[in-house]
Amino acid sequence: MKKTFYFILITILIFSCRNRGVLYNDPIPLHDSLRISSQFVNEDRLINIWTPPNYKFSTDSFPVLYMPDGGINEDFPHIANTLESLLSENKIPPFILVGIENTERGRDLTGFSEAEYDKQFCPITDGAKDFRAFSSEELMPEINKKYRTTNRKGIIGESLAGLFVMETFFTKPNTFNFYIAMDPSLWWNNHYLAKNSDSLLSEFPNQNLKLWFADSSAEDISQFTKSVEKTLKTSAPAKLTWKYSDEPNEKHSTIFRATKEKALIWSLNEL
């Protein structure tokens, strides 16, 4: 029975390195798409952009929410529709959403790992630094050139994308103004980020940042998100505003949709 359980677990995780495991029939919102030829990831990347309804009727500039797993068959419709709904209810300010469609998910969203254990899940790894450089040095300038944007920007992700969010937060905190991570795969690389969170936080810039993160009942994740929460309680930089949401009644497959509204409302509204 144990062998069957571990086989199923490994199969799910290997699949998640390549694509999202659950497909939903979300209505596809009106949006723009563009292709960017990247020197950092050495391939063309498809980008989907949703603008709030008032974008075309104004001359205002808007903050931007970036997301990995941002393909039309991934989470882009889900988050775009959620933003539009929250905006219509006056629960958030208007944002531009920029979704990055996956090609090799496990490669782009994971950093270096010295753990042999990790190779069974994502055979091609350590592409996060290149994906981050693509996002900040190629994608963001292109979005700023083509759309009316402010300097405020954030990122949202779940699972491996949540790992990428947390790695960016801890190692390159200047990249975004706010970070949203659901069930981030903090077990990666012998839970390096959780284990070293205290020293990483000690090197933070003196600027206002926000972090919202959550975990589900997945024990291999929640033990490390709780470790990060413990560190933040004692070592959070003065200008970091953070919120941890423990969701023991949610599964790894349900937490994104269960927590999306409260995560976006808390994160997108400025203090």
Side-chain angles (χ1 to χ4, degrees), residues 62-68 92-93 95 98 109-113 126 128-137 139-140 144 149-216 221-247 255-256 259-271:
F62 297 85
V64 184
L65 177 62
Y66 290 86
M67 61 176 297
I92 60 168
F95 264 73
V98 176
L109 300 180
T110 60
F112 169 77
S113 177
D126 198 21
K129 60 184 181 301
D130 297 324
F131 186 66
R132 189 176 298 110
F134 156 69
S135 300
S136 60
E137 298 185 38
L139 174 57
M140 290 180 189
N144 292 339
T149 63
T150 68
N151 291 328
R152 189 167 182 243
K153 53 191 179 294
I155 185 170
I156 184 171
E158 182 261 347
S159 193
L160 281 182
L163 171 67
F164 179 79
V165 170
M166 295 298 281
E167 183 184 279
T168 305
F169 168 76
F170 276 118
T171 64
K172 299 289 183 182
N174 283 321
T175 308
F176 298 97
N177 303 107
F178 63 91
Y179 296 80
I180 305 171
M182 288 88 161
D183 247 13
S185 301
L186 291 175
W187 48 265
W188 186 259
N189 191 22
N190 295 320
H191 55 95
Y192 175 87
L193 292 176
K195 190 166 50 180
N196 293 279
S197 56
D198 189 63
S199 61
L200 291 166
L201 287 170
S202 70
E203 300 176 4
F204 255 52
N206 184 32
Q207 69 178 69
N208 293 319
L209 294 172
K210 293 181 79 173
L211 169 67
W212 190 100
F213 65 111
D215 60 34
S216 68
I221 291 174
S222 63
Q223 61 180 307
F224 302 123
T225 51
K226 286 176 173 62
S227 173
V228 170
E229 180 205 19
K230 185 177 178 181
T231 301
L232 286 168
K233 282 181 175 178
T234 58
S235 305
K239 290 191 174 182
L240 172 65
T241 304
W242 63 277
K243 188 174 182 64
Y244 163 67
S245 184
D246 186 19
E247 304 286 342
I255 189 168
F256 199 3
T259 60
K260 58 183 179 179
E261 286 94 351
K262 58 184 176 183
L264 291 166
I265 290 169
W266 186 87
S267 303
L268 270 57
N269 285 290
E270 296 193 66
L271 297 176

Side chains of Trp266 and Thr241, heavy atoms from C-beta outward: is any pair under 4.5 Å?
yes
Sub-3.5 Å donor-acceptor pair from the side chain of Asp126 to the main-chain atoms of Phe112, do we have one?
yes
CZ of Phe164 to OG1 of Thr110, rounded to nearest 0.5 Å, is 10.5 Å
Distance check, rounded to the nearest 0.5 Å: Phe178 atom CZ versus Asn269 atom CG?
10.0 Å
Which heavy atom in Ser245 sits nearest to a heavy atom in Lys262, and how many Å separate them?
OG-NZ, 3.6 Å
Run Leu240 and Phe169 through side-chain contact (heavy atoms from CB on, under 4.5 Å) and show every step you take.
CA-CA 11 Å; Leu240 172 65; Phe169 168 76; 3.8 Å; yes
Phe95 vs Leu268, test: side-chain contact (heavy atoms from CB on, under 4.5 Å). Steps then yes/no.
CA-CA 8 Å; Phe95 264 73; Leu268 270 57; 3.5 Å; yes
Sub-4.5 Å side-chain heavy-atom contact between Leu232 and Tyr244
no
Return yes when atom NZ of Lys243 has more than 12 non-hydrogen atoms of other residues, nucleotides or ligands closer than 6.0 Å, and no otherwise.
no
Between Thr175 and Lys153, what is the shortest heavy-atom contact and its length?
O-CE, 3.1 Å
Considering only heavy atoms from C-beta outward, does the side chain of Leu186 approach that of Asp215 to under 4.5 Å?
no
To the nearest 0.5 Å, how far apart are NZ in Lys210 and CD in Glu270?
8.0 Å
Met140 and Phe176: side-chain contact (heavy atoms from CB on, under 4.5 Å), yes or no, with the steps?
CA-CA 11 Å; Met140 290 180 189; Phe176 298 97; 3.2 Å; yes
Looking at Ile156, Leu160, Ile155, which one forms a side-chain contact (heavy atoms from CB on, under 4.5 Å) with Pro68?
Ile155
Note: Pro173 and Tyr179 closest approach over all heavy atoms is O-OH, 2.8 Å
Using the side chain to side chain donor-acceptor pair (under 3.5 Å) rule, pick out the option among Arg132, Lys129, Lys172 that qualifies with Glu167.
Arg132
Min side-chain heavy-atom separation Val228-Leu193 under 4.5 Å:
no
Is the shortest heavy-atom distance from the side chain of Trp188 to the side chain of Leu109 under 4.5 Å?
no
Using the six-membered ring wherever Trp is involved, compare the ring planes of Phe170 and Phe204 and label them parallel, tilted or perpendicular (cut-offs 30° and 60°).
perpendicular
What distance separates Gln207 CD from Asn177 CG, expressed to the nearest 0.5 Å?
7.0 Å
Heavy-atom check, side chain of Asn208 versus side chain of Lys239, under 4.5 Å:
yes
Which atom of Thr225 lies closest to which atom of Ala214, heavy atoms considered
CG2-O, 4.4 Å
For the CG atom of Leu264 and the OG1 atom of Thr259, what is their distance to the nearest 0.5 Å?
8.5 Å
Going by atom types alone, do Thr231 and Asp198 pair a side-chain donor with an acceptor below 3.5 Å?
no
Interatomic distance, Ile221 atom CD1 to Ser185 atom OG [nearest 0.5 angstrom]
4.5 Å
Shortest non-hydrogen separation from Phe224 to His191 and the atoms involved:
CE2-CG, 3.3 Å
Write down the atom of Ile255, the atom of Ser216, and the distance for their closest heavy-atom approach.
CD1-N, 3.5 Å
Other residues, nucleotides and ligands only: do more than 12 of their heavy atoms fall within 6.0 Å of OH on Tyr192?
no
